Amino acid sequence: MLGVLCASLLMVGMDLTVLHVAVPTISRELLPGGSELLWIVDSEALTVAAGLLMCGTLGDRFGRKRMLISGYVVFGLASVGAALSSAPGQLIASRAALGGGGAMIMASTPALIRAVFPDARERAVAVGLWTAANSAGVSVGPLLGGLLIEHFWWGSVFLVNVPIVVFAVVSTFLLVPESRNDRSHRWDGPGAVMSAVGLGAVVYAFQQLGEHNAAEPAVWGIGLTGAVLLVGFVVRQRRIPHPLLDVTQFADRRFTVSALCILRVLRGLHGVAVPAHAAFPTPGRIYAVGCRPGPGPVGVRQCVRGSGGAPLRRALGMPTWPVGRTAAVRAGAGLFHVVGSRR
């Protein structure tokens, strides 16, 4: 059972980074604008972050195994949709659906581990292996993506998920026991909406501010609305008897320091990883971040020179500062994941 859960996190982690080396090919074939290209990369991480709390609490209420299998199905169908996309909008929608499926998977697996491994030592080992599987997927994604782009079309980076999904659905049905919270209380629907919409609005505002140089008052209004919703979510969780997220956990210094450390690590990791594998050839030079071109699959050969981060963004028609925003989205997903797993 632990092997099945680890395989699912390997797939989710891999999918978050496998697209990076396909960005140049997608930009040539689908011709997305700068904003569309950013959303192709960011939409999955955003929906993962926005959906973790909602999916976790719904899984507690209606069954974590059921939520996990549903996540696999959504993830598989979205992968096929992404591979067959013929326009930037279709690919963005499919990537967002991938994030929804990923949120269902990531929210269900730690709760299942906690239920199946009551012994503290066994549970610690299981959580360690489960986390390592996700990290391995993040690392393997660009290499696998480069290999696929070298020999197939860009949609193959999504179709690779389909056989893993089939294996995971069958194995979960046969091996994973059902689990739910027997003391489930009334579900806080308004709080779930406030957290998802608030996070989405804030990240959208950051993206638009980078695109339009902070010239649109409406964008500031959306960002402020999102911030108000998130503050309201925290206030609501402190007042209702059965919150989606127990924010009083942050009163524990050990928990707060641990969460902040993980947040910082994830921000740095994804801040480097997001542009490091996306190379864009221009006359006489290839721009990206990381190392000089060399032999091997596209994911390695197009790993680029360290001074090229800003030129890469300009060549792609993108703002020159989105690394921090993308990293913040991924780190936000990680923080929500840490806090949600504390349940």
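This one's a predicted model, so the numbers in the text were calculated from it and none came from an experiment. Computation of the quantities below employed the complete heavy-atom set of this structure, encompassing side-chain atoms and omitting hydrogens, waters and symmetry-equivalent molecules.
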Closest contact, heavy atoms only, P142 versus T17: CD-OG1, 3.3 Å
Does E44 use its side chain to pair, donor to acceptor, with the backbone of R95 at less than 3.5 Å? no
Are the side chain of S79 and the backbone N or O of L159 linked by a donor-acceptor pair below 3.5 Å? no
Given side chains that start at C-beta, do those of W39 and L46 come closer than 4.5 Å, heavy atoms only? yes
CA sep, side-chain torsions, deciding dist, call: L244, M54, side chain to side chain contact (heavy atoms under 4.5 Å, CB included): CA-CA 8 Å; L244 289 174; M54 184 183 300; over 6 Å; no
F158 vs D15 side-chain heavy atoms within contact, under 4.5 Å: yes
Can you confirm whether L112 sits close enough to W130 that some side-chain heavy atom of one is under 4.5 Å from a side-chain heavy atom of the other? no
Taking the side chain from E36 and the backbone from G89, do they hold a donor-acceptor pair closer than 3.5 Å? no
Is it true that L30 and L84 fall in one hydrophobic cluster, defined by side-chain heavy atoms closer than 4.5 Å? yes
Strictly distance-based, threshold 3.5 Å: is any side-chain N or O of T109 a donor or acceptor partner for the main-chain N or O of L5? no
Straight-line distance of I113 CD1 to S108 OG, nearest 0.5 Å: 11.0 Å
Heavy atoms only: give me the nearest A107-L52 pair and the separation to one decimal. CB-O, 3.7 Å
Among the clusters formed by ILVMFWY side chains lying less than 4.5 Å apart, do L224 and V231 turn up in the same one? no
Measure across M104 and C55 and return the closest heavy-atom pair with its distance rounded to 0.1 Å. CG-SG, 3.5 Å
Indicate yes or no: does R64 engage D60 in a salt bridge with an N to O separation below 4.0 Å. yes
Paired with L2, the side-chain contact (heavy atoms from CB on, under 4.5 Å) test is passed by just one of L129, L175, V125, V176, namely L129
Distance col, row L53:CG vs F233:CZ, nearest 0.5 angstrom, shows 5.0 Å
Residue pair M1 / P177: nearest heavy atoms and the distance that separates them: SD-CD, 3.8 Å
Side chains of Q90 and S86: any donor to acceptor distance under 3.5 Å? yes
Check the pair V12 / F75 against side chain to side chain contact (heavy atoms under 4.5 Å, CB included), numbers first and verdict last. CA-CA 9 Å; V12 173; F75 203 89; 4.3 Å; yes
Any side-chain heavy atom of L19 within less than 4.5 Å of one from I26? yes
Can you tell me how far apart CE (M67) and CG (L58) are? Round to the nearest 0.5 Å. 5.0 Å
Apply the test side chain to side chain contact (heavy atoms under 4.5 Å, CB included) to residues W154 and R28: give CA-CA distance (whole Å), side-chain angles for both, the deciding distance (0.1 Å), then the verdict. CA-CA 11 Å; W154 62 265; R28 289 194 300 268; over 6 Å; no
Over all heavy atoms of both residues, which pair between L230 and S195 is shortest? Give the atoms and the distance, please. CD2-O, 3.9 Å
Atom CG in L77, atom CG in N161: separation rounded to 0.5 Å? 12.0 Å
State yes or no: do M194 and V228 share one hydrophobic cluster built from I, L, V, M, F, W and Y residues joined by side-chain heavy-atom distances below 4.5 Å, directly or via other members? no
If you take all heavy atoms of A50 and A196, which pair is closest and at what distance? O-CB, 3.7 Å
Rounded distance [0.5 Å steps], OG in S156 versus CG in L147: 9.0 Å
Is there a path of hydrophobic side-chain contacts, each under 4.5 Å between heavy atoms of I, L, V, M, F, W or Y residues, that connects L31 with I92? no
Under a 4.5 Å side-chain heavy-atom rule over Ile, Leu, Val, Met, Phe, Trp and Tyr, are L144 and L9 clustered together? yes
The reported gap from CG in L68 to OG in S179 (rounded to nearest 0.5 angstrom) is 11.0 Å
Give a yes or no answer on whether the side chain of Q237 reaches the backbone of L245 with a donor-acceptor pair at less than 3.5 Å. yes
Short side-chain to backbone donor-acceptor contact, K65 and F173, under 3.5 Å: yes
Taking L91's backbone N and O only, do any of them form a donor-acceptor pair with S94's side chain (distance below 3.5 Å, no angle check)? no
Can any side-chain N or O of T172 pair as donor or acceptor with the backbone N or O of V169 at less than 3.5 Å? no
Are L10 and N134 close enough that some pair of their side-chain heavy atoms sits under 4.5 Å apart? no
